[in-house]
Amino acid sequence: MTLQVDLAPPAAAAPAPVGAPPEAPAAAGADAVRTDRAPSAPGLSPSRAADFGRCPLLFRYRVVDRRPEPASPAAARGTLVHAVLEHLFELPAAERTLEAAHGLVPGRWEALLADDPRCAELFSSDAERVEWLRSAEGLLGTYFRLEDPTRLEPAERELTVRLDLADGPQLRGIVDRVDVAPNGWVRVVDYKTGRAPSPGFEGQALFQMRFYAYVLWRTRGVLPKLLQLEYLGDGTVVRHEPTEEEMLVLERRVRALWSAVQAAARADRWEHRVSKLCGWCSFQSLCPAFGGTVPPVDPDAVERALGVRPDAAA
């Protein structure tokens, strides 16, 4: 694995050419909240794969039961910043300034409220909301220190990717940005509005990027040359060059994970695992670790989400 880390490169630094060798490399799951729709086929995203690895019971509540979760300021801020960066590239290149990005914030905030009215309840006062919006503007300022958007013309933004894996799930996700160089090299970019993980703990973020690379490789026949994570919380950029060998390893890993998911579904055994992340879990009242009771599962919901039925209901 080729991996380097740069902390807050200077504003004048130009972004690496698409696919160039790395000099260094952007929420629950992903740190941006996106509205889920009923899946068309049993499937798996990077975030839900991480959920199963973290706590199978959490996976069940999110994927099978599809239980609603409260909005959070951090997740909403991630959604807002992603939306601003997406729409920033609709402007002519010369107009993609930090001031223009800040100018997009009010409209994107109104759109977020329309899409998820729960966000209106996140703040106890106007002053709290204003300060939160300023924090989003601060993250946008960090983005402009990492890249110069006037020099970029993304091929795709907020790209939905899907792949029906033979004898496996439908792999799916949303890629923040895809850049294509004149020589055909592809760079996959993901914005993270949190801080970069400590050295040695980048595995989940890189799994997400390899996941996207694998789907693009299988659906388009071109392996991305560069995977780039931009952490706006602290100005860290992580870049990684994937290999075909890594893609095959990822496929085996996904297949093994899916087998474990289906085995848990058939046995109706959804293990709860206690970790430091439990403090942020929305389902403590339904978790035995916190004195809660796990409700019976709906076999039809299991089949819709995972393609198998619990053995007792088969």
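In what follows, residues are counted from 1 in the order of the sequence shown.
- Taking 4.5 Å as the limit, some side-chain heavy atom of Val64 sits within range of a side-chain heavy atom of Val297.
- To the nearest 0.5 Å, atoms CD (Glu121) and CG (Asp116) are separated by 9.5 Å.
- A donor-acceptor contact shorter than 3.5 Å is absent between the side chain of Trp109 and the backbone of Leu133.
- No donor-acceptor pair under 3.5 Å is formed between the side chain of Gln208 and the backbone N or O of Ser47.
- Between Tyr212 and Asp176, the closest side-chain pair of non-hydrogen atoms is not below 4.5 Å.
- Among all heavy-atom pairs drawn from Leu58 and Cys281, the shortest one is CD1-SG, 4.2 Å.
- For the pair Arg218/Leu165, no side-chain contact is recorded, criterion being any heavy-atom separation below 4.5 Å from C-beta on.
- In this structure, Leu216 and Pro224 approach most closely via the heavy-atom pair CD1-CG, 4.2 Å.
- Summarising the geometry of Cys119 relative to Leu112, their closest heavy-atom pair is SG-CG, 4.1 Å, with the distance given to 0.1 Å.
- The closest donor-acceptor contact from the side chain of Asp179 to the backbone of Val189 lies at 3.5 Å or more, if one exists at all.
- By the 6.0 Å contact criterion, CG on Asp300 is enclosed, its count of non-hydrogen atoms from other residues, nucleotides or ligands being greater than 12.
- Within 6.0 Å of the CD atom in Glu245, the count of heavy atoms belonging to other residues, nucleotides or ligands does not exceed 12.
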- Message: I'd like to know whether Val63 forms a side-chain contact (heavy atoms from CB on, under 4.5 Å) with Val261, so could you lay out the CA-CA distance, the side-chain angles of the two residues, the decisive distance to 0.1 Å, and finally the verdict.
- Response: CA-CA 11 Å; Val63 175; Val261 167; over 6 Å; no

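- When side chains are defined from C-beta on, Asp65 does not count as touching Leu286, because their heavy atoms never get closer than 4.5 Å.
- Under the ring pair (Phe, Tyr, Trp, His ring centres under 6.0 Å) criterion, Trp258 pairs with no residue, sequence neighbours left out.
- Crowding of Arg273 atom CZ: a count of heavy atoms from other residues, nucleotides or ligands under 6.0 Å exceeding 12.
- Side-chain contact check for Val84 versus Tyr143: every heavy-atom pair is 4.5 Å or farther apart.
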- Message: Using the rule given for side-chain contact (heavy atoms from CB on, under 4.5 Å), can you reason through Arg66 versus Arg304, listing the C-alpha separation, both sets of side-chain angles and the distance that settles it, and then say yes or no?
- Response: CA-CA 11 Å; Arg66 300 181 66 80; Arg304 282 193 301 271; over 6 Å; no

- Verdict with reasoning, Arg187 to Leu152, per side-chain contact (heavy atoms from CB on, under 4.5 Å): CA-CA 12 Å; Arg187 174 170 63 180; Leu152 297 170; 3.5 Å; yes

- Please walk me through it: do Leu44 and Gln170 pass side-chain contact (heavy atoms from CB on, under 4.5 Å)? CA-CA 6 Å; Leu44 196 65; Gln170 181 184 86; over 6 Å; no

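- For Arg67 against Pro295, the heavy-atom pair with the smallest separation is NH2-CG, 3.2 Å.
- Between the side chains of Ser135 and Arg77, at least one donor N or O sits under 3.5 Å from an acceptor N or O.
- Contact of the Trp270 side chain with the Val294 side chain is not registered, since no non-hydrogen atoms from C-beta on lie closer than 4.5 Å.
- Checked for salt-bridge contact, Arg96 and Glu153 meet the test: a charged N lies under 4.0 Å from a carboxylate O.
- Considering all non-hydrogen atoms of both residues, Glu95 and Leu91 come closest at O-CD1, 3.8 Å.
- A salt bridge (charged side-chain N to carboxylate O under 4.0 Å, His left out) with Arg177 holds for exactly one of Glu147, Glu156, Glu86; it is Glu147.
- Arg210 places a side-chain heavy atom less than 4.5 Å from the side chain of Met247.
- Contact annotation: the side chain of Phe207 approaches that of Leu250 to within less than 4.5 Å [non-hydrogen atoms, C-beta and beyond].
- Nearest heavy-atom pair across Leu257 and Phe52 is CG-CD2, 4.4 Å.
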